[in-house]
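I have placed the structure first, in the form of C-alpha cells, so that the comments after it can refer back to it.
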2 protein chains.
Amino acid sequence: MTAEAAPTRRTELLAIAAQLFADKGFKNTTVRDIAEAAGILSGSLYHHFDSKESMVDEILSTFQEQLFASYDAVLASDVDARTKIEQCVRLSFAAIDEHPHEVAIFQNEAAYLLTFDRFGYLADRNAQSRNLWMTLLTEGVSSGALRGDLDVTLTYRFIRDTVWVAVRWYRPGAGHSHEAIADQYLTILLDGIATTGG
Amino acid sequence: MTAEAAPTRRTELLAIAAQLFADKGFKNTTVRDIAEAAGILSGSLYHHFDSKESMVDEILSTFQEQLFASYDAVLASDVDARTKIEQCVRLSFAAIDEHPHEVAIFQNEAAYLLTFDRFGYLADRNAQSRNLWMTLLTEGVSSGALRGDLDVTLTYRFIRDTVWVAVRWYRPGAGHSHEAIADQYLTILLDGIATTGG
DNA sequence: GTCTATAAACGGATAGAC
DNA sequence: GTCTATCCGTTTATAGAC
C-alpha cells in the first residue's frame, strides 16, 4: 500500500545478496553467485552497483540507520532504566526476527570490513551502541534496580553478545517466537538460572 | 623441558597460520600471507602441508581433542551438577585464554568448513558439546539446583554462546584475568543482574 | 536492464633446482 | 627446507552491443 509495495530491482538484488552474504559469508559469495540467484549474468549487476563492496555497504548502512532510530526512540521515552533495558533487548530480538541476514552479516563480517576506510561508520555505530548500554546500566545501578557490585563494562559485553549471537541459531517462524525468546533471555539475565533458596 | 620445549617448524607454521586465520578469516588469508608472515615463500609451505585446508584442519582437530579431553575429566569427577557446570564454564574461559586463535577460528569458520566432508568431525564435536550441557542442565533442574521453569535448550544455547563469544573481545594479559571473567559470568548466569529486593 | 566478451588481477597449487 | 618459475582456474570488473 505504501511505497514499499513495489520493491525496486535494486532492492530485490540487495535482498538476494544479503541472504547469500549471511549464509556463505561475504568473501565466499561471488558476484556470479548473486547474479545466478537473481537470474541474470554477473556483468548485469554492475548496471546497478559499483562493486560487491558497495552492495554490502548499502545493506549494512540501511539496516543500521533503522536500528539506531528505534533505539533512540526507546532512549527518549519517559520510563525507568530497567524498562529501557528490557525494551532494548526486545527490540534487538525483533531486529533479528525482521532482518536476520543483515544482523548475521554485521556479526560475521564487521571485523573484516572495518579494515577498509569506507566501513569506518561501523566503528561509530559500535561506539554508539556501547554508549547506550553503558548509560542504561550505570543508571540501573545508581537507581538500585541493578546489583551494586556489577562490573558494568563486562555486563555490557555480556548483554551485547548474548543478544546478537542468537542470530546464529534463531530462525523466524520455527520454534519460539522472538518475543518468547526475549522473555527467556531477560529472565536469565535479570534473575539468573539458579534457585534462590540454594 | 618436555618434548614441547623445541617446537617443530611444522608447529611454528601452524601457529602463524592460526593467528592469521583468527584475525582475518580463513578465506581472507592467502597462502602467500602465511608464507610472508613465516619469512618464506608460498611454494615452501607445500613442503609441510598438502593444502591450506589441511592446515586449518590440523589446527582445529588438535585443539578440539585437548578441549574435549578436559571436559571428559570434569564429567567423570564426583561432584554435583552445579559444580560441574561451574567447572565447565571456567574451563572454557581458560581455553579462550590459552588458545584464543583456535577458539576464534572454530567460532567464525565452523559453519563454512562444515560444508566440506573432511570437516564432518566438527559436527560430531558440536553434538558432543550439546549432549554434555543438556545432561548437566537437566541434572541441575532435577536436583533442584537450577530453577524448575528453565527452558533447558534455550539455556544451553545461552551458555554456549555467551562463553565462546567472549573470544571476540578477550585479550590474554589485558584487563581481567580469565578466572575473574569466569567469576563474573557465573554470577550473572546463576544469580542475574537485578537486585532481588526489586 | 541484460547479455556478450574479455581484461586484469588474484590465489591455490606444482615441479624441479639448490 | 626453501626458492624459482609458473600453471591454471577463479573472480572482480569493464566496454559496448542489443
Side-chain angles (χ1 to χ4, degrees), chain A residues 3-61 105 108-109 112-119, chain B residues 3-61 105 108-109 112-119:
Chain A
E4 294 186 46
T8 63
R9 185 70 170 135
R10 182 185 192 81
T11 310
E12 281 176 7
L13 292 172
L14 283 179
I16 289 165
Q19 171 151 21
L20 287 167
F21 291 157
D23 288 348
K24 318 203 317 170
F26 178 70
K27 194 84 179 188
N28 291 320
T29 302
T30 69
V31 290
R32 286 186 178 128
D33 290 336
I34 302 169
E36 189 187 17
I40 59 179
L41 292 184
S42 64
S44 307
L45 274 181
Y46 290 84
H47 172 72
H48 302 276
F49 306 97
D50 281 350
S51 64
K52 196 173 89 164
E53 250 183 40
S54 72
M55 296 186 79
V56 75
D57 194 341
E58 189 164 336
I59 290 167
L60 285 179
S61 58
I105 295 168
N108 298 329
E109 314 289 346
Y112 169 66
L113 295 175
L114 269 169
T115 62
F116 302 98
D117 283 346
R118 75 179 294 172
F119 292 100
Chain B
E4 295 185 48
T8 63
R9 185 70 170 135
R10 181 185 192 81
T11 309
E12 282 176 5
L13 292 172
L14 282 180
I16 288 165
Q19 171 150 21
L20 287 167
F21 291 157
D23 287 349
K24 318 201 319 170
F26 177 70
K27 195 85 180 187
N28 292 322
T29 302
T30 68
V31 291
R32 287 178 174 91
D33 289 336
I34 301 169
E36 189 187 16
I40 59 179
L41 292 185
S42 64
S44 307
L45 274 181
Y46 290 84
H47 173 71
H48 302 276
F49 306 98
D50 281 349
S51 64
K52 196 174 89 164
E53 251 182 40
S54 72
M55 296 187 78
V56 76
D57 195 343
E58 188 164 337
I59 290 167
L60 285 180
S61 57
I105 295 168
N108 298 329
E109 313 290 345
Y112 168 66
L113 295 175
L114 269 168
T115 62
F116 302 98
D117 283 345
R118 76 180 294 172
F119 292 100

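Chain identifiers are assigned alphabetically (A, B, ...) following the order of the sequence lines, protein sequences preceding nucleic acid strands; residue numbering begins at 1 within each chain. Here the structure is a predicted model, which means the values were calculated and not measured.
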Is there a side-chain polar atom (N or O) of B:Ser44 under 4.0 Å from OP1 or OP2 of D:dC3? yes
For D:dG1, does OP1 or OP2 lie under 4.0 Å from any side-chain N or O of B:Arg10? no
Without decimals, in angstroms, what is the distance between [X] [atom1] and [N] [atom2]?
| X | N | atom1 | atom2 | answer |
| --- | --- | --- | --- | --- |
| B:Lys24 | C:dC10 | NZ | P | 13 Å |
| A:His48 | D:dA13 | NE2 | P | 16 Å |
| A:His47 | C:dT2 | NE2 | P | 7 Å |
| A:Arg9 | C:dT2 | CZ | C1' | 9 Å |
| A:Glu53 | D:dT11 | CD | C1' | 14 Å |
| A:Leu45 | D:dT14 | CG | P | 13 Å |
| B:Phe116 | C:dG12 | CZ | C1' | 13 Å |
| B:Leu41 | C:dA15 | CG | P | 18 Å |

Which residues in residues 26-38 of chain A have at least one heavy atom lying under 4.0 Å from any atom of DNA chain D? A:Thr29, A:Thr30, A:Val31, A:Arg32
Please give me the minimum heavy-atom distance between [X] and [Y], naming the atom from each residue.
| X | Y | result |
| --- | --- | --- |
| A:Gly25 | A:Glu109 | CA-OE2, 3.2 Å |
| B:Ile105 | B:Ala22 | CG1-N, 3.8 Å |
| B:Thr29 | B:Leu20 | OG1-O, 3.2 Å |
| B:Arg32 | B:Ser42 | CG-CB, 3.9 Å |
| B:Met55 | B:Ala17 | CE-CB, 3.7 Å |
| B:Lys52 | B:Phe21 | CG-CZ, 4.0 Å |

Of the nucleotides D:dT12, D:dT2, C:dG1, which one has an atom closest to the side chain of B:Ile40? D:dT2
If you check the B:Tyr46 side chain, which of C:dG1, C:dG12, D:dT2 turns out closest? C:dG12
Side-chain donor-acceptor pair under 3.5 Å between B:Thr30 and B:Asp33, yes or no? yes
